[in-house]
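Take a look at the structure below.
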Amino acid sequence: MEHGTGSGSNGPSGSIDKSRVLDVRPLRTLVPVFPNPAGMSSVSTPQPTPFVCVPPSGPFPTGVQPFYPFMAPNGTQQTPHSFQNDPGNFGPGGSIPAPVPLNSFRTPTSHENGGSSRSKRASKTRASRPVIIDDDEYSDSQNQSDQYVSGFSMHVTDAEVGSSSRKRRGRPLKRRAENGNEVEYDVESLLNRFLTSFKLKEFDEFRRSSGDRETTSTILLVYDLLRKKLTQLEEANSLNIGIARRPDLKAGTLLMKKGVRTNSSKRIGHVPGVEVGDIFFFRMELCIVGLHAPTMAGIDYMGVKITMDEEPVALSIVSSGGYDDDGEAGDVLVYSGQGGVQRRDGQMFDQKLERGNLALEKSLHRANDVRVIRGLKDLNGTTGKIYVYDGLYKIQESWAEKNKSECNVFKYKLVRIPGQPQAFSLWKSIQQWKDGTAAREGLILPDLTSGAESLPVSLVNDVDNEKGPAHFTYVSTLKSKPFPTSKPSLGCQCMGGCQPGDSSCSCTQSNDGFLPYSSLGVLISNNSLIHECGLTCVCPPNCRNRISQTGLRVRLEVFKTKDRGWGLRSWDPIRAGGFICEYAGEVIKDDLGNEIDDDYIFDSTRSYEPLEAVSEDSSDSNKLPFPIVISAKNNGNVARFMNHSCLPNVHWKPVLRESNNETYLHIAFFAIRHIPPMQELTFDYGVVASEKGDQGKKKCLCESVKCRGFFY
DNA sequence: GAATGATCATTTTA
DNA sequence: CTAAAATGATCATT
């Protein structure tokens, strides 16, 4: 059966000439199907697209056949195993197969009502369902309903509405409903506050269906805020519940329901507002920016009209990173199809050529671009994944293999389109620098801190001959002078480290009742001041509330920039809220009125644009208690190399550590957004009060869209 | 046929 | 390790 699939009916040559397939570029002719904002090609950006508007000469020009499964484009047989066992998908005896009929794929309606109308309907469905719980359940779950009061619940929960078999009996319980509504209002109003302050209330249909850089970054920021807030609330409540919840999904659902998403109209090729190399930490993040719509499935696809018929084409895949064998350069990916395993009992079946598998097969023959998102193990977190957008690939071939259970599994070989910025391959290089199998080009010093930090910091120059920055003494922490406190602090008594939801922890209380860091050590507090545990606290050094005291957590490198002197960047990915470093140096007195002539100054008294328009502070105690000016000219750490940007990816927070009658103030830097490896770390130096005139003003080279043109 | 409701498939996350 | 989660495609029904 190796033959017969192609020859007779496949046109003159009997095999597909790959170059011709590529030459035809069938999908270019489909451009009208994917309306895009002017100037935004839906197809691979680096490719020249001179004939975008050429009318189609037909859906299947000569030499390009309709779909034959498992025929490689070059005509070699890629069908090692028999498929005729599956009469549903293949024609008898290996003749022309009959895949799932194309008309079974629903026509996507015009893009404007495609996504949004459906989601409207979904929410209507939910809202209209009665929430009725019988008396027994109510009394049984008295405790639970108390949790709703103290904790949070978005609405009177999908879980109850969706899965309870008891929901139709009994009368609605007012009290329960009220409780639920009250709580719903809390999260609802929280969300509304976010949306208002980020001006997402009047999020228009255009930005919803097609994004841009600012839109995606705002949406991701709001998602992160919301997710963190839900995490915080949930953790504080976990003593009561003790069940794992999914703040990532809940935050996503809330935003989706509000229509706060972008690129909701599906498209082939790049997604506006998402750049090759961007990283994500949750599948939901991929959904809300439209990079990959399914929340769980690994293959995203859409129906594409081809004259009368419609066929699915693949849009993007998320590789889980488990069993992919990639090429040496990281530009090849072998992807396994979906299905074939019963989730309940783990029983395996042959995979079927339907859904995503069929779409990939079609995309192989249509030669359209497929976005690839690489899922990698997060070495920092224990279980988490990092998703790297690795740009566009083309499917080169497909075949089927038998797995251990003797079931057919589809395999798709994807090859990265050349000319795109480095993404996944960069990760591979970095790994090699770390394990010593490859040398970092331009390396001057393996560790400029000479062991002063917990991790080495490389000094690298791959742009010119400068051998390093001017001499300074590396110190890992601020020589902070204690400030007297009004109230003596005894410190907390958390022997095993501070835990969320512990109302007896005095450090938690100082932070408005919530620990400012998540279990992964990521900043989740929005307060403008962080109270960490101090000398008199009994908790151990690895306490979650001592993040800024525990030294570097990411592998940094000081590097020579093209035009801004030395800069700082990270070999490791940093998630939003991740701790980077503190600002070390000497606290300098400015009250003598001395002019500070120093390029290594941190000055908390400058005015800063608030990062979050939403202030969570409940009291004045969370305001910066005293101004601080730090010089890192003679003594400093990596922070002194961080350049200014008007659109920064790092921000600072004042951190207080109290002990007895003294308070130590430190300045800690955290990631504003997810930062991919090797992206320069920058923060906003702030603006000097106007009465000081233009002194110290410098021309800004940050090149961001928000650039003020100068900095201090 | 169109509109709607119900179910299913997917796999990540804690 | 297991359970639970959300979306969108598909199926079923009106």
Side-chain angles (χ1 to χ4, degrees), chain A residues 100-109 113-129 153-155 157-164 223 227 230-231 234-235 238 241-257 259 261 264-266 280-288 290-303 310-312 314-323 335-346 349 351-352 354-359 373 375-378 381-387 500 518-520:
Chain A
V100 175
L102 290 181
N103 60 11
S104 69
F105 291 85
R106 193 169 57 178
T107 312
T109 46
N113 31 20
S116 58
S117 73
R118 190 168 295 137
S119 59
K120 258 182 218 152
R121 201 173 64 214
S123 55
K124 202 170 76 189
T125 309
R126 267 196 196 107
S128 65
R129 291 210 209 153
S153 166
M154 278 175 290
H155 37 242
T157 73
D158 277 349
E160 291 161 35
V161 175
S163 64
S164 170
Y223 173 81
R227 205 195 87 254
L230 295 177
T231 307
E234 175 186 312
E235 280 189 337
S238 62
I241 295 184
I243 320 166
R245 302 261 172 169
R246 295 286 299 270
D248 57 322
L249 296 184
K250 280 182 176 158
T253 311
L254 280 166
L255 291 185
M256 294 284 249
K257 271 195 203 143
R261 60 188 300 187
S264 66
S265 72
K266 293 194 170 190
F280 305 86
F281 287 80
F282 294 94
R283 283 289 300 261
M284 216 27 142
E285 294 179 326
L286 306 175
C287 301
I288 59 174
L291 189 62
H292 185 84
T295 47
M296 295 167 183
I299 307 169
D300 193 6
Y301 57 98
M302 73 185 286
E310 182 181 283
E311 65 177 41
L315 305 175
S316 56
I317 60 167
V318 180
S319 83
S320 50
Y323 43 161
Y335 189 79
S336 301
Q338 62 189 188
V341 58
Q342 196 103 57
R343 215 195 58 72
R344 271 264 164 248
D345 45 13
F349 303 96
Q351 287 187 346
K352 289 190 186 132
E354 57 185 27
R355 301 168 188 276
N357 298 344
L358 179 61
I373 298 114
L376 313 168
K377 282 207 180 73
D378 183 359
T382 44
T383 57
K385 281 233 183 84
I386 303 179
Y387 300 96
S518 78
S519 55
L520 287 170

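Proteins get letters first, then strands, A, B, ... in listed order; numbering begins at 1 in each.
Distance CE (Met296(A)) to P (dG8(C)): 12 Å, rounded to an integer number of Å. We find that CE of Met302(A) is positioned 17 Å from C1' of dT10(C), with the value rounded to whole Å. Arg227(A) places its CZ atom 18 Å from the P atom of dA5(C), with the value rounded to the nearest Å. Regarding Glu354(A), its CD atom lies at a distance of 14 Å from the P atom of dC8(B), rounded to whole Å. One can place NZ of Lys257(A) at 8 Å from P of dA6(C), the figure rounded to the nearest angstrom. Following rounding to the nearest Å, Asp300(A) (CG) and dA6(C) (P) show an atom-to-atom distance of 19 Å. Met256(A) has its CE atom 17 Å from the P atom of dA5(C), to the nearest Å. The nearest whole Å value for the distance from the CG atom in Leu286(A) to the C1' atom in dT11(B) is 13 Å.
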task: Output, in order, the C-alpha distance, side-chain angles, deciding distance and verdict of side chain to side chain contact (heavy atoms under 4.5 Å, CB included) for Leu291(A) and Tyr387(A).
output: CA-CA 11 Å; Leu291(A) 189 62; Tyr387(A) 300 96; over 6 Å; no
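Closest contact between the side chain of Ala293(A) and the listed nucleotides dT13(B), dT10(B), dG8(C) involves dG8(C). Counting only heavy atoms from C-beta on, Tyr301(A) has its side chain closest to dA9(C) among dA5(C), dT13(B), dA9(C). Ranking dT7(C), dT11(B), dA9(C) by closeness to the Thr295(A) side chain, first place goes to dT7(C). Relative to the side chain of Phe282(A), the nucleotides dT12(B), dA6(C), dA14(B) differ in distance, and dA14(B) lies closest.
Heavy-atom distances to DNA chain B give each of Gln338(A) and Pro247(A) a nearest nucleotide, and the one nearer the 5′ end belongs to Gln338(A).
Residue Lys250(A) places no side-chain N or O under 4.0 Å from the OP1 or OP2 atom of dT7(C). Here Arg261(A) reaches the OP1 or OP2 of dG8(C): one of its side-chain N or O atoms lies under 4.0 Å away. Distances shorter than 4.0 Å separate some side-chain N or O of Tyr387(A) from OP1 or OP2 on dT13(B).
The two atoms that bring Gly298(A) and Tyr335(A) nearest to each other are O-OH, 3.2 Å, heavy atoms only.
Counting atom types as modelled, Arg246(A) pairs a side-chain N or O with a base atom of dT13(B) as donor and acceptor under 3.5 Å.
Residues passing the side-chain contact (heavy atoms from CB on, under 4.5 Å) test with Pro247(A), sequence neighbours excluded: Arg227(A), Leu230(A), Thr231(A), Glu234(A).
Distance check, rounded to the nearest 0.5 Å: CD1 of Ile317(A) to CD1 of Ile373(A) gives 8.0 Å.
Residues His292(A) and Asp300(A) form a side-chain contact, since some pair of their non-hydrogen atoms from C-beta on lies under 4.5 Å apart.
Using a 4.0 Å heavy-atom cutoff across all strands shown, Gly339(A) reaches sugar-phosphate atoms only and no base atom.
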